Enquirer: 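Let me give you the structure first, and then I'll get to my questions.
Worth saying up front: this structure is predicted, and the values here are computed from it rather than measured. The figures here come from the full heavy-atom set of this structure, side chains too, leaving out hydrogens, waters and symmetry mates.
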Amino acid sequence: MGITLRGLSHVDIPAWAVLLNAAEKVDHTGEHYTEGDLAEELSNPEIELGKDLMGAFHGADLIGYFGVLPRGAADGRFTMHLQGSVLPARRGQGVGTGLVDAMIDRAKQAHRDRRPDLALKLKIDGSTANESQRELFDAFGLLPRRWSFVMRNALDGVPAAAQPADGYQVRTYEDSMDEPLRAAHNEAFLDHPDFVPWTTALWRQFTTGSRAFRPELTFVVTSVGSSQIAAYLTSSEYDGYFEATGRREAYVGKLGTLPAHRGAGLASTLLAHALVAYRDAGYDEAALDVDSENPTGALGIYRRAGFEVETQSTNYSLVIDP
């Protein structure tokens, strides 16, 4: 086919952005990337440049890519998140098959380099409506295990911000909260299926150190007179969404309540507080992603706050024993 694989670098960012945004117009993922976003992807401290982000080139043209993103160890498994796409005009020509094959081979090698003593768990997301994608993943043993929903709120009927339960207070994020917030998130999600605790490096890469992070719209709940986090909500804004739609989107990245504080309505309080803040800051809408099997009833919380399901994704996975 005259297609070669080589590592993506900063010189490939413009073509990579074109590829991803062309794919979004067909796949309707709602994910719009800027060149700045992709430069940040290349700065991930956990990846090995030249091996973990690979482009498929036909001559000088980038027509597809894959990414292997080491996530960490939990429950006797080392998890790797996979990603990839093929330029819509080149689909149906075997490019995707070659990419998935190479992607899994690379994931196996990266696993051997890191934690060969543990089983390897591969995870990749795809559109539930994309049947050809499902068939491709199935051929490599990546089977549908879970589902998630992108939900959106138009911010046109936001109620007044609710006050927290007695004994609690809502506070705006400060830099000193960075590490306590990571620890709180890891504790809050330990009982969630397939959760892998966040390392400091990845937390800063994808959350508090990301160019999309909005600290002024990130909130925590603490007990009155205490700095211990009881619940939290992080917010982000992606420039690519505005460039593609002309609308500002506030994205709820993480929302959680620590087990000892559940039942006091803190997540609902934080969500209501954030929606008011988004509206007052001039945002046009809010969005989030939620696991269909979230054990804390998050889907119901979001619906009661005015979010509606926009798209559904399938989470595929494969476990390879050591």
Side-chain angles (χ1 to χ4, degrees), residues 8 10 13-14 16-21 23-24 27-47 53 65 67 69 71 81 83 85 125 148-155 172-182 184-186 189 196 198-220 232-256 270-271 273-291 302 307 310-311 313:
L8 292 173
H10 284 82
I13 285 176
W16 191 10
V18 169
L19 185 158
L20 287 171
N21 291 318
E24 196 287 327
D27 301 331
H28 307 294
T29 62
E31 296 179 349
H32 304 273
Y33 291 89
T34 65
E35 293 184 13
D37 296 328
L38 299 179
E40 194 169 87
E41 291 278 333
L42 288 171
S43 71
N44 184 343
E46 294 296 327
I47 67 170
L53 286 169
Y65 91 101
L69 311 177
R71 185 61 183 80
H81 287 184
Q83 62 184 38
S85 189
D125 295 334
S148 60
F149 304 101
V150 172
M151 304 184 75
R152 194 168 299 279
N153 186 316
L155 300 180
T172 303
Y173 176 84
E174 300 173 1
D175 288 344
S176 61
M177 298 177 181
D178 186 10
E179 182 58 23
L181 182 56
R182 181 187 72 88
H185 179 65
N186 283 343
F189 274 74
V196 177
W198 286 77
T199 64
T200 298
L202 285 180
W203 179 259
R204 290 178 180 163
Q205 172 72 20
F206 291 107
T207 306
T208 55
S210 169
R211 64 194 297 272
F213 181 58
R214 296 295 179 263
E216 72 280 7
L217 296 171
T218 292
F219 306 102
V220 303
Y232 57 88
L233 179 151
T234 69
S235 300
S236 299
E237 180 181 9
Y238 295 95
D239 298 340
Y241 188 84
F242 177 77
E243 291 178 9
T245 68
R247 297 176 62 81
R248 292 186 68 194
E249 175 197 79
Y251 188 81
V252 180
K254 293 174 175 57
L255 173 62
L270 274 173
L271 195 56
H273 187 89
L275 292 176
V276 170
Y278 297 159
R279 182 198 62 196
D280 292 348
Y283 286 85
D284 299 297
E285 55 200 62
L288 52 82
D289 184 282
V290 60
D291 189 325
Y302 298 142
F307 284 85
E310 181 175 77
T311 58
S313 297

Enquirer: Apply side chain to side chain contact (heavy atoms under 4.5 Å, CB included) to the pair Asn186 and Trp203, showing each step before the final yes or no.
Expert: CA-CA 10 Å; Asn186 283 343; Trp203 179 259; 6.0 Å; no

Enquirer: Measuring centre to centre across the rings, with the benzene-like ring taken for any Trp, is Tyr232 within less than 6.0 Å of His185?
Expert: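 Aromatic pair counts; centres sit under 6.0 Å.
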
Enquirer: OG of Ser210 to CG of Asp37: how many Å apart, nearest 0.5 Å?
Expert: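 Rounded to the nearest 0.5 Å, the OG-CG separation comes to 7.5 Å.
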
Enquirer: To the nearest 0.5 angstrom, please state how far the OG1 atom of Thr34 sits from the CG atom of Asp239.
Expert: 5.5 Å

Enquirer: Can you tell me how far apart CD (Gln205) and CG (Asn44) are? Round to the nearest 0.5 Å.
Expert: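 Taking CD in Gln205 and CG in Asn44, the distance rounds to 4.5 Å.
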
Enquirer: Would you confirm whether Arg247, through its side chain, and Glu285, through its main-chain N or O, come within 3.5 Å as a donor-acceptor pair?
Expert: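 Between the backbone of Glu285 and the side chain of Arg247 there is no qualifying donor-acceptor contact (under 3.5 Å).
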
Enquirer: As a quick check of understanding, evaluate side chain to side chain contact (heavy atoms under 4.5 Å, CB included) for Met177 and Val220, giving each step before the final call.
Expert: CA-CA 9 Å; Met177 298 177 181; Val220 303; 3.9 Å; yes

Enquirer: Taking the side chain as C-beta and beyond, is there a heavy-atom pair between Arg71 and Leu202 under 4.5 Å?
Expert: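 Side-chain contact under 4.5 Å: yes.
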
Enquirer: Indicate yes or no for a side-chain donor-acceptor contact from Arg182 to the backbone of Trp198 under 3.5 Å, with no hydrogens or angles considered.
Expert: yes

Enquirer: Are Phe213 and Tyr173 an aromatic pair, judged by ring center distance below 6.0 Å?
Expert: yes

Enquirer: Can you check side chain to side chain contact (heavy atoms under 4.5 Å, CB included) on Leu155 and Asp284, steps first, answer last?
Expert: CA-CA 7 Å; Leu155 300 180; Asp284 299 297; over 6 Å; no

Enquirer: If you round to the nearest 0.5 Å, how far is CE of Met151 from CG of Leu288?
Expert: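 Answer for the CG-CE pair, Leu288 versus Met151, is 6.5 Å.
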
Enquirer: Looking at every non-hydrogen atom in both residues, tell me the closest pair between Phe219 and Ala274 and how far apart they are.
Expert: CE1-CA, 4.0 Å

Enquirer: Of all heavy-atom pairs between Ser235 and Tyr278, which one has the smallest distance, and what is that distance?
Expert: OG-OH, 2.6 Å

Enquirer: Indicate yes or no: at least one non-hydrogen side-chain atom of Trp16 is less than 4.5 angstrom from one of Leu53.
Expert: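 The answer is yes, as the side chains (C-beta and beyond) meet within the 4.5 Å cut-off.
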
Enquirer: Between Thr172 and Glu216, which heavy-atom pair has the shortest distance, and what is it?
Expert: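 Closest pair (atom of Thr172, atom of Glu216, distance): CG2-O, 3.8 Å.
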
Enquirer: Do you know which two heavy atoms are closest between Ala277 and Leu217, and how far apart they sit?
Expert: CB-CD2, 3.8 Å

Enquirer: Nearest 0.5 Å, what's the OH-NE2 distance between Tyr241 and His32?
Expert: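 It comes to 6.5 Å.
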
Enquirer: Tell me, please, whether Phe242 has Arg248 positioned over its six-membered ring: NZ or CZ under 6.0 Å from the ring centre and within 45 degrees of its axis?
Expert: no

Enquirer: Rounded to the nearest 0.5 Å, how far apart are CG of Leu20 and CD of Gln83?
Expert: 8.0 Å

Enquirer: Indicate whether the side chain of Tyr33 and that of Glu41 have a donor and an acceptor atom separated by less than 3.5 Å.
Expert: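 Checked: Tyr33/Glu41 side chains show no N/O donor-acceptor pair below 3.5 Å.
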
Enquirer: Looking only at heavy atoms, what is the nearest atom pair of Leu275 and Asn153, with distance?
Expert: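 What the structure gives for the nearest pair is CD1-ND2, 3.8 Å.
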
Enquirer: How close do Glu249 and Ala287 get, heavy atom to heavy atom, and via which atoms?
Expert: OE2-CB, 3.5 Å

Enquirer: Tell me whether Thr234 contacts the main-chain N or O of Lys254 through its side chain, where contact means a donor paired with an acceptor under 3.5 Å.
Expert: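 Answer holds: yes.
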
